[in-house]
Peer 1: 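One structure, pasted below without further comment.
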There are 2 protein chains.
Amino acid sequence: MALGTDYELQDCALARALEVVGERWSLLIVRDAFYGVQRFNDFLTHLGIPRAVLTARLNALVAAGVLRREPYQQAPLRHGYLLTETGLELWGPLYQLSRWGGRHATEGGPHHLFAHARCGTDLDLVGACPKCGGGPVPPAEVVMRPNPAHTGGHRDDPVSRALVRSHLLLEPIASAAA
Amino acid sequence: MALGTDYELQDCALARALEVVGERWSLLIVRDAFYGVQRFNDFLTHLGIPRAVLTARLNALVAAGVLRREPYQQAPLRHGYLLTETGLELWGPLYQLSRWGGRHATEGGPHHLFAHARCGTDLDLVGACPKCGGGPVPPAEVVMRPNPAHTGGHRDDPVSRALVRSHLLLEPIASAAA
DNA sequence: CCAATAGGTCTGGTGAATGAACCTTCGTCT
DNA sequence: AGACGAAGGTTCATTCACCAGACCTATTGG
């Protein structure tokens, strides 16, 4: 969790969840993973997080079964961090929390919009497609694109620049594919 | 947020949300508020949180517009902490995160189950009523009850004991109504 | 040989969380 | 009156996590 690292006395599913993703940075790392960030250095530059903290968080998320390490080259062995099935199921809470933040705590509107890849319709509040019906759209079928109406500054790291182009969630960003 | 207290460099709605409810204890306080906890001492004993931290978090949540202070007696002036409209909209993210925690990080199953008050049907993954259809059920129409299948220890403070009885969300718990 | 890339670890300083003690106001009991 | 207790804080010393930056290792390109 955020700081004490756990809430052992809380016999509640929410407390358990927060022990896994409640620490500072953890949820932002997971969000970046949905955005297609996979490499240590990409997380580092995009989040502006201290290296030691990133190492600790990635290891914790792997240990918790939210992320898994996957080699992407052998020469000097290098790993990327990918979402597991368990991690993918965080899309719902993450999307809703993000929407809440967009409604109540953001000036200039949200930076990104999310739509159903199949039909192009913007997702509703719970992450479902109003046109296609059915339950929430799985992240692999979601396209993110920058919000044209957004006003305000932008970051200028390679990852932020890659995220300016609309792309499917979970698809590795250009920086990682280079 | 959890610790640095903000993510100013993150131009993202999620980061904004986390600045408000991402700090350790904040989301648990909000959860308790949904459960009907309103008084300082009830939060204190139910969460096992240091007093100074509780004071800081409650003030921060009030400042952020998630909670509001409402006097419940004059003699010595005493306030309760209630969810605002903005705070009520956190039900969706909170419920989903709790469900995720119940699926992936809890042993012995969840402690509480949530159902639609009107028809008694258990809520689905996004907090909607599978029987009545429509969108997510607003918290005021949700009944929580202990999970009979849950195995494991229980806390034994007055608030935990009050939460053993099934009741509507947002309804003040017995301890506060005494 | 030198520099750069990728992914870390190590270190010292700062700030926040923790638990315990203390304070204040009022109401009640004797 | 005086003692006691509840409710809601504040203050304090200690611990612990975060932070920024320097350093380390392996490999490839020039």
Side-chain angles (χ1 to χ4, degrees), chain A residues 1-10 18-19 22-29 37-62 67 69-82 157-159 172-173 175-178, chain B residues 1-10 18-19 22-29 37-62 67 69-82 157-159 172-173 175-178:
Chain A
M1 237 324 271
L3 327 115
T5 67
D6 60 9
Y7 300 101
E8 28 181 80
L9 297 173
Q10 288 295 317
L18 290 176
E19 285 177 6
E23 281 178 305
R24 184 156 152 80
W25 301 111
S26 291
L27 219 46
L28 292 176
I29 291 171
V37 177
Q38 298 183 348
R39 299 185 179 192
F40 188 91
N41 272 315
D42 287 337
F43 285 108
L44 198 68
T45 61
H46 188 229
L47 293 172
I49 177 178
R51 303 175 80 88
V53 176
L54 179 58
T55 302
R57 291 292 177 280
L58 288 173
N59 289 339
L61 289 170
V62 168
L67 298 178
R69 284 160 60 94
E70 194 81 2
Y72 64 83
Q73 74 174 32
Q74 289 300 329
L77 185 56
R78 290 289 178 260
H79 299 273
Y81 294 87
L82 303 180
D157 54 278
V159 177
I173 57 171
S175 160
Chain B
M1 236 328 269
L3 328 113
T5 67
D6 61 9
Y7 300 101
E8 27 180 81
L9 295 172
Q10 288 296 316
L18 290 176
E19 285 176 6
E23 281 177 304
R24 183 155 152 82
W25 299 114
S26 292
L27 218 45
L28 292 175
I29 290 171
V37 177
Q38 298 183 347
R39 299 185 178 192
F40 188 91
N41 272 315
D42 287 337
F43 285 109
L44 198 67
T45 61
H46 188 228
L47 294 173
I49 177 179
R51 302 174 81 89
V53 176
L54 179 58
T55 303
R57 290 293 177 278
L58 288 173
N59 289 340
L61 288 170
V62 168
L67 298 179
R69 283 161 60 95
E70 195 80 3
Y72 65 82
Q73 75 174 31
Q74 289 301 327
L77 185 56
R78 292 287 179 260
H79 299 274
Y81 293 86
L82 304 179
D157 54 280
V159 177
I173 57 171
S175 159

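Note on naming: letters A, B, ... go to the chains in the order of the sequence lines (proteins, then strands), and numbering restarts at 1 for each one.
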Peer 1: Can you check nucleotides 28-30 of chain D for protein contacts, nitrogen or oxygen pairs under 3.5 Å, and list what you find?
Peer 2:
none

Peer 1: Mind grabbing the angle between the end helix axes of the helix from C/dC1-D/dG30 to C/dT30-D/dA1? Five pairs an end, 10° rounding.
Peer 2: 10°
Peer 1: Would you find a donor on one side and an acceptor on the other, under 3.5 Å apart, between the side chain of A/R57 and the backbone of A/R24?
Peer 2: yes
Peer 1: Does C/dT18 have OP1 or OP2 sitting under 4.0 Å from an N or O in the side chain of B/W25?
Peer 2: yes
Peer 1: Given atom CG of A/L44 and atom P of D/dC19, what is their separation to the nearest angstrom?
Peer 2: 12 Å
Peer 1: Tell me the salt bridge (Lys or Arg N to Asp or Glu O under 4.0 Å) pairs involving residues 71-82 of chain B, sequence neighbours left out?
Peer 2: none
Peer 1: Does A/Q73 have any side chain to side chain donor-acceptor pair (under 3.5 Å) partners at least two apart in sequence or in another chain, and if so, which?
Peer 2: none
Peer 1: Is there a side-chain contact between A/N59 and A/V62 in this structure, where contact means two heavy atoms from C-beta onward sitting under 4.5 Å apart?
Peer 2: no
Peer 1: Could you work out, with side chain to side chain donor-acceptor pair (under 3.5 Å) as the rule, every residue matching A/R51, not counting sequence neighbours?
Peer 2: none
Peer 1: Taking all non-hydrogen atoms of both residues into account, name the closest pair between B/P71 and B/L77 and its distance.
Peer 2: CB-CD1, 4.0 Å
Peer 1: Check whether any side-chain N or O of A/R24 sits under 4.0 Å from OP1 or OP2 of D/dC19, and answer yes or no.
Peer 2: yes
Peer 1: What is the minimum heavy-atom distance between A/H79 and A/R69, and which atoms define it?
Peer 2: CD2-NH2, 2.8 Å
Peer 1: Mind listing the N/O atom pairs, protein and nucleotides 7-10 of chain D, below 3.5 Å?
Peer 2:
{"unit_1": "D/dA7", "atom_1": "O3'", "unit_2": "B/Y72", "atom_2": "OH", "d": "3.3"}
{"unit_1": "D/dA7", "atom_1": "O3'", "unit_2": "B/R78", "atom_2": "NE", "d": "3.3"}
{"unit_1": "D/dA7", "atom_1": "N3", "unit_2": "B/R78", "atom_2": "NH2", "d": "2.8"}
{"unit_1": "D/dG8", "atom_1": "OP1", "unit_2": "B/Y72", "atom_2": "OH", "d": "2.6"}
{"unit_1": "D/dG8", "atom_1": "OP2", "unit_2": "B/N41", "atom_2": "N", "d": "3.4"}
{"unit_1": "D/dG8", "atom_1": "N7", "unit_2": "B/R51", "atom_2": "NH2", "d": "2.7"}
{"unit_1": "D/dG9", "atom_1": "OP2", "unit_2": "B/Y81", "atom_2": "OH", "d": "3.0"}
{"unit_1": "D/dG9", "atom_1": "N7", "unit_2": "B/R51", "atom_2": "NE", "d": "2.7"}
{"unit_1": "D/dG9", "atom_1": "N7", "unit_2": "B/R51", "atom_2": "NH2", "d": "2.7"}
{"unit_1": "D/dG9", "atom_1": "O6", "unit_2": "B/R51", "atom_2": "NE", "d": "3.0"}

Peer 1: Taking CD1 from B/I49 and C1' from C/dA16, how many angstroms apart are they, rounded to a whole number?
Peer 2: 13 Å
Peer 1: Could you report the tightest heavy-atom contact between A/L44 and A/P50, atom names first, then the distance?
Peer 2: CD1-C, 4.3 Å
Peer 1: When rounded to the nearest 0.5 angstrom, what is the spacing between CG in A/D42 and CD1 in A/I173?
Peer 2: 4.5 Å
Peer 1: Between C/dA17 atom C1' and B/L28 atom CG, what is the distance in whole Å?
Peer 2: 15 Å
Peer 1: Taking CG from B/L54 and P from C/dG19, how many angstroms apart are they, rounded to a whole number?
Peer 2: 13 Å
Peer 1: Run the side chain to side chain contact (heavy atoms under 4.5 Å, CB included) test against B/D157 and tell me which residues pass, sequence neighbours left out.
Peer 2: B/T45, B/H46, B/R155, B/V159, B/S160
Peer 1: On a heavy-atom basis, which atom in B/V37 and which in B/F43 lie closest, and how many Å separate them?
Peer 2: O-CZ, 3.5 Å
